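Written out below as structure tokens is the structure these notes cover.
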Amino acid sequence: MSTLGGKRTHIVIPEELALQIDEVVGKRGRTRFISEAVQQQLTRLRQLQALREASGAWKDADHPELAEGSAAWVRSMRDADERQFQELMQTQDN
């Protein structure tokens with residue numbers, strides 16, 4: 001991420017944190033490191049917000065195929081695929 005065209009801002013962070021950042025990325029890498037860290041945190045917070053907003057959207061009544069659990073549903077789908085494959089192979093043999 002380039003600082004060209006970016007917004008210059010003044011933030012205050014604990015000195016120990018700045019030293020730790022410098023140890024890892026160097027003084028010349030601070031802006032990029034902090035910008036990427038903030039972007040990751042914003043993404044995480046937005047995802048958490050989306051999950052909170054979607055909470056309760058799934059209704060068991062809308063998905064009766066999963067009444068016995070998702071593993072049973074996946075197994076039944078795989079079994080159906082296998083049956084279909086076997087039928088296809090039998091028609092090709094005839």
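These numbers come from a predicted model, not from an experiment.
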So if you build clusters from Ile, Leu, Val, Met, Phe, Trp, Tyr with side-chain heavy-atom gaps below 4.5 Å, do [X] and [Y] land together?
{"X": "Trp58", "Y": "Leu48", "answer": "no"}
{"X": "Ile11", "Y": "Leu45", "answer": "no"}
{"X": "Ile34", "Y": "Leu17", "answer": "yes"}
{"X": "Leu19", "Y": "Ile21", "answer": "no"}

Quiz item: Would you say the side-chain atoms of Arg44 and Gln41 include a donor-acceptor pair closer than 3.5 Å?
Solution: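 Short answer, yes.
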Quiz item: Any chance the side chains of Gln90 and Gln86 put a donor and an acceptor closer than 3.5 Å?
Solution: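 There is no such pair (donor and acceptor under 3.5 Å, judged by atom type) between the side chains of Gln90 and Gln86.
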Quiz prompt | Presence of salt bridge, Arg32 and Glu36, under 4.0 angstrom | solution =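 Counted as a salt bridge, because a side-chain N and a carboxylate O are separated by less than 4.0 Å.
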Quiz item: Can you list every side chain to side chain donor-acceptor pair (under 3.5 Å) pair that touches residues 16-29, not counting sequence neighbours?
Solution: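 For residues 16-29, and leaving out neighbouring residues, the side chain to side chain donor-acceptor pair (under 3.5 Å) pairs sorted by first residue read Glu16-Gln20, Asp22-Arg30.
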If I take atom [atom1] from residue [X] and atom [atom2] from residue [Y], how far apart are they, to the nearest 0.5 angstrom?
{"X": "Glu68", "Y": "Arg75", "atom1": "CD", "atom2": "CZ", "answer": "9.0 Å"}
{"X": "Glu65", "Y": "Ser70", "atom1": "CD", "atom2": "OG", "answer": "11.0 Å"}
{"X": "Glu87", "Y": "Thr91", "atom1": "CD", "atom2": "OG1", "answer": "8.5 Å"}

Quiz item: Hey, which of Glu53, Gln47, Arg46 is the one that makes side chain to side chain donor-acceptor pair (under 3.5 Å) with Gln49?
Solution: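 When Glu53, Gln47, Arg46 are each tested with Gln49, the side chain to side chain donor-acceptor pair (under 3.5 Å) holds only for Glu53.
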Self-check item: Asp60 vs Asp62 side-chain heavy atoms within contact, under 4.5 Å
Solution: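 Not touching, per the 4.5 Å side-chain cut-off.
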Quiz item: So do Val38 and Phe33 actually touch side chain to side chain, heavy atoms under 4.5 Å?
Solution: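 When only atoms from C-beta onward are counted, Val38 and Phe33 do not touch, as no gap falls below 4.5 Å.
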Practice problem: Check the surroundings of atom CD in Gln84: do more than 12 heavy atoms from other residues, nucleotides or ligands lie under 6.0 Å from it? | Solution: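 Atom CD in Gln84 is not crowded, with 12 or fewer foreign heavy atoms closer than 6.0 Å.
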Quiz item: Taking Ser76 for the side chain and Trp73 for the main chain, is one N or O donor matched with an acceptor at less than 3.5 Å?
Solution: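 Side chain of Ser76 to backbone of Trp73, a donor-acceptor pair under 3.5 Å: yes, one is there.
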Quiz item: What are the two closest heavy atoms between Ala61 and Pro64, and how far apart are they?
Solution: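 Heavy atoms only, the tightest pair is O-CD, 3.7 Å.
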